[in-house]
Engineer: 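This structure is in structure tokens; I'll ask about it shortly.
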Amino acid sequence: MGRSRESSVEGSKTAVPDATVRPAGAADGAGGRPARPGAALGSDFLQLDIADAPPGGLTAWLADRLRSAIADGRLPVGTRLPASRVLAEELRVTRGVVTEAYRRLSESGQIAGRGRGGTVVVAAPARPVPPATEGGDAGVGRSEAEGATGSGAFFTAPPHRDGLVDALRGLPCRIDLSPGVPDLAAFPRTAWLRAERAVLAAATPADFGYGSPQGAPALRRAVVGWLARNRGIRADPDEVVVVAGVAQALGLLTQLLRADGVDRVAVEDPGSLGARQQLEHGGLTTVPVPVDAGGLDVDALRAGGARAVLMTPAHQFPTGVVLDGERRRELLRWAAGGGVVIEDDYDAEHRYDRPPVPALRSLLPDAVCYAGSVSKLLAPALRVGWLLVPPHLRDALVTAKRYADLGNGVLTQLVLARLMDSGELERHLRHVRRRHRRRRDVMLRAVEAHLPGARVHGAAAGLHLMVTFADGPGSRVPDTALAAAALARGVKAHPLSWHRLTPGPPGLVLGYAAGAAHEIEEGITLIGEALRALPAAA
């Protein structure tokens, strides 16, 4: 009998014995299945036949059948699934088998409970990547960004080409371990709808207009409260400019810096490829500065000669280190001499095994441009963030925002403000922290079991792990080759070299927030198989 779990789909709290089959009035057959004297034990729904399920694997079998039907269009978005009790009766299994299968798809964001409306398909995954063929890399299909190349050619493309991360995001896969993706299935739909109804009920005609390009006053006030409670920042609502995520914040800052005569900006190495490309697209030259166990090397920053630096000091991407106290003091001395710090407070709220560290903005507001968003806390689709800049840049920032898009959508800002003011956002943060920590622990165990010689970095906080291979089989192959081999097996991850400007040990950047525990474990297992199969790793 398989291990019991609790299921919350359809409100059930049923313990799930994974291989239990309910007696159907006939003598039990081998393996706990009912004997089949002439009458078929199956369901008209998807023509499911319980005889196809492997012994001890009913839940996984049912979840895979449902997942495949959603992927190939037999269960399009909006389809209502059978009630768990009904499907269990037809298949002659315990109801817990069905509710656990539903729960797995709910965790991956493909189905959702709708109360009296039942369980409904809400998202269709990308189709699985075809297996590798003899004589070449696995094909990954044609994507608009990549053309007709295979996974190997994709990962050996120039690593700093524009749109590379977006192109990978669009490639099909079965298990996505890309970093930077939050738990989208945990989005607080009920709280959001409740806040939205309250906002619409109280909205004035003016709330349906363009609003201020600086952002709705209600959200700017709410952001100030959020930053004071969670990041140690004291600010005035007039200091906040609402933006469409940190990506837009960086785009606007490049305009301001260039207008101020800045043409070079230092970046952490390794650091975010996407953030670096935002700066380069805006016309700035990026200067790599090494990161070690203490964070950014401030002496190297001084030696590089750039007047501005982009940093993720609370949880550095991708290494996960925190800028230590001595480096903070050195950085503030550098900034006091005329330097500008761009603080990307990347996933700073997502901490598990360490105390919070205050934002740099709280220590030197006159030299720090602070950017944050709800993309990693709620969902990137909201496109809401905030930017605080030194006083002498504020008017120019508001002007740049006005000409960029006239301001963010007002109604979304008002709903988010209500979530912040009501405490719902803090409740959501506590909820996802528990989920993320469990998934991180699953990934840590899987890496230890399946990736020999791997060293894990950044486990105390965030939504991803960085894994490096200083020795063992992973040290003998390029990380791009390992990422390509993993993608050929249906698993998506970032090679660490994508996020470097200078050479370093090979590695992977692995996200764990968006996947269910069993997907994370399977994904790491497949990466281990890919590693062992690479010729140079033998």
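Numbers for residues simply follow the sequence, beginning at 1.
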Engineer: Could you measure the distance from the CG atom of Leu177 to the CD1 atom of Ile524? Nearest 0.5 Å is fine.
Structural biologist: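 Atom-to-atom, Leu177:CG and Ile524:CD1 are 5.5 Å apart.
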Engineer: Looking at Val289, Leu331, Leu332, which one forms a side-chain contact (heavy atoms from CB on, under 4.5 Å) with Val298?
Structural biologist: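 Among Val289, Leu331, Leu332, the one that satisfies the side-chain contact (heavy atoms from CB on, under 4.5 Å) with Val298 is Leu331.
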Engineer: What are the two closest non-hydrogen atoms of Ala314 and Ala348, and how far apart are they?
Structural biologist: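 Smallest interatomic distance, heavy atoms only, reads CB-CB, 3.8 Å.
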Engineer: Verify side chain to side chain contact (heavy atoms under 4.5 Å, CB included) between Leu252 and Lys401, making sure each step is shown before the conclusion.
Structural biologist: CA-CA 7 Å; Leu252 296 174; Lys401 173 65 176 174; 4.3 Å; yes
Engineer: Under a 4.0 Å threshold between the charged nitrogen and the carboxylate oxygen, would Arg437 count as salt-bridged to Asp353?
Structural biologist: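 Salt bridge present between Asp353 and Arg437.
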Engineer: Does Gln214 CD have over 12 foreign heavy atoms under 6.0 Å away?
Structural biologist: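 Buried by this count: over 12 neighbours within 6.0 Å.
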Engineer: Going by heavy atoms in the side chains, are Val291 and Asp297 under 4.5 Å from each other?
Structural biologist: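 Result no, sub-4.5 Å side-chain heavy-atom pair not found.
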Engineer: Whether the side chain of Thr312 engages the backbone of Phe317 through a donor-acceptor N/O pair (distance < 3.5 Å, no angle test) should be reported.
Structural biologist: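 Present.
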Engineer: If you take all heavy atoms of Gly523 and Ile175, which pair is closest and at what distance?
Structural biologist: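 Closest approach of Gly523 to Ile175, heavy atoms only: N-CD1, 3.8 Å.
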Engineer: Nearest heavy-atom pair of Ala517 and Glu107: which atoms, and what distance?
Structural biologist: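 It is N-OE1, 4.2 Å.
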Engineer: Please confirm whether the backbone N or O of Gly515 pairs with a side-chain atom of Arg439, one donor and one acceptor, at under 3.5 Å?
Structural biologist: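 Present.
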Engineer: Taking Tyr370 for its side chain and Trp386 for its backbone only, find out whether a donor-acceptor pair lies under 3.5 Å.
Structural biologist: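 Here the side-chain-to-backbone pair does not exist.
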Engineer: Can you tell me how far apart CG (Leu510) and NE2 (His464) are? Round to the nearest 0.5 Å.
Structural biologist: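 Between atom CG of Leu510 and atom NE2 of His464 there are 9.0 Å.
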Engineer: Taking only Lys NZ, Arg NE, NH1 and NH2, and the carboxylate oxygens of Asp or Glu, determine whether Glu268 and Arg500 approach each other closer than 4.0 Å.
Structural biologist: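 Looking at Arg500 together with Glu268, the answer is no, because their closest N to O distance does not fall below 4.0 Å.
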Engineer: Go through the side-chain N and O atoms of Thr286 and Glu280 and say whether any donor and acceptor fall under 3.5 Å apart.
Structural biologist: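 Indeed, the side chains of Thr286 and Glu280 share at least one donor-acceptor pair under 3.5 Å.
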Engineer: Within the 3.5 Å criterion, strictly below it, is a donor on Thr525 or His450 matched to an acceptor on the partner's side chain?
Structural biologist: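 Present: a donor and an acceptor within the cut-off.
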Engineer: Salt bridge check, Asp324 against Arg328: does any charged N sit closer than 4.0 Å to a carboxylate O?
Structural biologist: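 No.
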Engineer: Looking at residues at least two apart in the chain, or sitting in another chain, which of them share a ring-ring contact (aromatic ring centres under 6.0 Å, His included) with Trp192?
Structural biologist: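 Applying ring-ring contact (aromatic ring centres under 6.0 Å, His included) to Trp192 gives Phe187.
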Engineer: Please check if atom CZ in Arg433 has more than 12 non-hydrogen atoms from other residues, nucleotides or ligands closer than 6.0 Å.
Structural biologist: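 Check passes, neighbour count above 12.
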Engineer: Any Lys/Arg nitrogen of Asp347 or Lys376 sitting under 4.0 Å from an Asp/Glu carboxylate oxygen of the other?
Structural biologist: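 Not counted as a salt bridge, because no side-chain N and carboxylate O are separated by less than 4.0 Å.
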Engineer: Do Asp292 and Arg327 sit within salt-bridge range, that is, some charged N less than 4.0 Å from a carboxylate O?
Structural biologist: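 A salt bridge is present here (some side-chain N lies under 4.0 Å from a carboxylate O).
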Engineer: What is the minimum heavy-atom distance between Gln255 and Ala400, and which atoms define it?
Structural biologist: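 Distance-wise, the nearest heavy atoms are OE1-CB, 3.9 Å.
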Engineer: Counting neighbours of CZ on Arg354 that are heavy atoms of other residues, nucleotides or ligands and sit closer than 6.0 Å, is the number greater than 12?
Structural biologist: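 Atom CZ in Arg354 is packed in, count exceeds 12.
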Engineer: Can Arg418 and Asp421 be counted as an ion pair, charged N to O under 4.0 angstrom?
Structural biologist: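 No, no charged N to carboxylate O under 4.0 Å.
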Engineer: Closer than 3.5 angstrom, by distance alone: can the side chain of Arg221 be matched with the main-chain N or O of Pro237 as a donor-acceptor pair?
Structural biologist: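 A pair under 3.5 Å: no.
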Engineer: Just so I know, are the side chains of Pro358 and Arg231 near enough to count as touching, which here means a heavy-atom distance under 4.5 Å?
Structural biologist: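 No, their side chains stay 4.5 Å or more apart.
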Engineer: One thing to verify: whether Arg333 and Glu326 come together as a salt bridge, which I'm taking to mean a side-chain N less than 4.0 angstrom from a carboxylate O.
Structural biologist: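 Yes, this pair counts.
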Engineer: Is there a side-chain contact between Leu487 and Val491 (heavy atoms, below 4.5 Å)?
Structural biologist: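 The answer is no; the side chains never approach within 4.5 Å.
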Engineer: To the nearest 0.5 Å, what is the distance between CG (Leu377) and NE2 (His350)?
Structural biologist: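 Going from the CG atom of Leu377 to the NE2 atom of His350 covers 5.0 Å.
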Engineer: In plain terms, say whether Arg103 and Glu100 are close enough for a salt bridge, that is, a side-chain N and a carboxylate O under 4.0 Å apart.
Structural biologist: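 Looking at Glu100 together with Arg103, the answer is yes, because their closest N to O distance falls below 4.0 Å.
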Engineer: Within the 4.5 Å heavy-atom criterion, are Arg307 and Arg264 side-chain neighbours or not?
Structural biologist: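 When only atoms from C-beta onward are counted, Arg264 and Arg307 do not touch, as no gap falls below 4.5 Å.
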Engineer: Less than 4.0 angstrom from a charged side-chain N to a carboxylate O is my criterion; do Glu426 and Arg430 meet it?
Structural biologist: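 Arg430 and Glu426: not salt-bridged.
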Engineer: Under 4.0 Å between a Lys/Arg side-chain N and an Asp/Glu carboxylate O for Glu522 and Arg174?
Structural biologist: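 Counted as a salt bridge, because a side-chain N and a carboxylate O are separated by less than 4.0 Å.
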Engineer: Please check: side-chain N/O of Asp269 versus main-chain N/O of Leu501, any donor-acceptor pairing under 3.5 Å?
Structural biologist: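 Side chain of Asp269 to backbone of Leu501, a donor-acceptor pair under 3.5 Å: yes, one is there.
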Engineer: Does Tyr102 form a side chain to side chain contact (heavy atoms under 4.5 Å, CB included) with Ile111? I'd like the steps, not just the answer.
Structural biologist: CA-CA 8 Å; Tyr102 282 8; Ile111 65 175; 3.9 Å; yes
Engineer: Are side-chain heavy atoms of Pro391 and Pro365 found at a separation under 4.5 Å?
Structural biologist: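 In short, these two side chains do not touch, never coming nearer than 4.5 Å.
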Engineer: Going from CG on Leu323 to CG on Leu360, what distance comes out if it is rounded to the nearest 0.5 angstrom?
Structural biologist: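 So the gap between those two atoms works out to 6.0 Å.
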Engineer: Decide yes or no for Pro313 and Glu343: does some side-chain heavy atom of the first lie under 4.5 Å from some side-chain heavy atom of the second?
Structural biologist: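 Answer yes - side chains close enough.
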Engineer: What's the spacing between Phe469 CZ and Arg455 CZ if we round to 0.5 Å?
Structural biologist: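 Taking CZ in Phe469 and CZ in Arg455, the distance rounds to 13.0 Å.
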Engineer: Inspect the surroundings of CD in Glu448 and state if more than 12 heavy atoms from other residues, nucleotides or ligands are less than 6.0 Å away.
Structural biologist: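 Counting neighbours around CD of Glu448, 12 or fewer heavy atoms of other residues, nucleotides or ligands fall under 6.0 Å, so no.
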Engineer: Answer whether the closest heavy-atom distance between the side chains of Trp334 and Val309 falls below 4.5 Å.
Structural biologist: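 Yes, their side chains come closer than 4.5 Å.
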Engineer: Do the side chains of Asp441 and Leu444 get nearer than 4.5 Å, heavy atoms only?
Structural biologist: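 Touching, per the 4.5 Å side-chain cut-off.
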Engineer: Does the Ser373 side chain pair with the main chain of Ser375, one donor and one acceptor, at a distance under 3.5 Å?
Structural biologist: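 Side chain of Ser373 to backbone of Ser375: a pair is present.
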Engineer: Step by step, would you call Leu465 with His457 a side chain to side chain contact (heavy atoms under 4.5 Å, CB included)?
Structural biologist: CA-CA 6 Å; Leu465 299 177; His457 310 257; over 6 Å; no
Engineer: Any chance you could measure Ser497, atom OG, to Asp479, atom CG, to the nearest 0.5 Å?
Structural biologist: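 Ser497 OG to Asp479 CG: 3.5 Å, rounded to 0.5 Å.
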Engineer: Could you walk me through whether Arg276 and Leu310 pass the side chain to side chain contact (heavy atoms under 4.5 Å, CB included) test, one step at a time?
Structural biologist: CA-CA 9 Å; Arg276 188 165 68 244; Leu310 170 64; over 6 Å; no
Engineer: Just wondering, are more than 12 heavy atoms of other shown residues or ligands nearer than 6.0 Å to CZ in Arg427?
Structural biologist: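 Buried by this count: over 12 neighbours within 6.0 Å.
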Engineer: Distance-only, no hydrogens or angles: does the Asp260 side chain make a donor-acceptor pair with backbone N or O of Leu256 under 3.5 Å?
Structural biologist: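 Between the backbone of Leu256 and the side chain of Asp260 there is no qualifying donor-acceptor contact (under 3.5 Å).
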Engineer: Between the side chains of Asp299 and Arg302, is the shortest nitrogen-to-carboxylate-oxygen separation below 4.0 Å, so that they form an ion pair?
Structural biologist: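 Looking at Arg302 and Asp299, the cut-off is met.
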Engineer: Heavy atoms only: give me the nearest Gly282-Thr254 pair and the separation to one decimal.
Structural biologist: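 Taking Gly282 first and Thr254 second, the nearest heavy atoms are CA-OG1, 3.8 Å.
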Engineer: For Ala335 versus Ala367, what's the shortest heavy-atom pair and its separation?
Structural biologist: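 Nearest pair, atom of Ala335 first, then Ala367: CB-CB, 3.9 Å.
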Engineer: Which label fits His499 and His494: parallel for a plane angle under 30°, tilted from 30 to 60°, or perpendicular past 60°?
Structural biologist: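 Plane angle under 30°, so parallel.
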Engineer: Could you walk me through whether Arg361 and Glu239 satisfy the salt bridge (Lys or Arg N to Asp or Glu O under 4.0 Å) test, starting with their C-alpha distance in whole Å, then the side-chain angles of each, then the deciding distance to 0.1 Å, before giving a yes or no?
Structural biologist: CA-CA 12 Å; Arg361 169 81 187 192; Glu239 298 178 59; 3.0 Å; yes
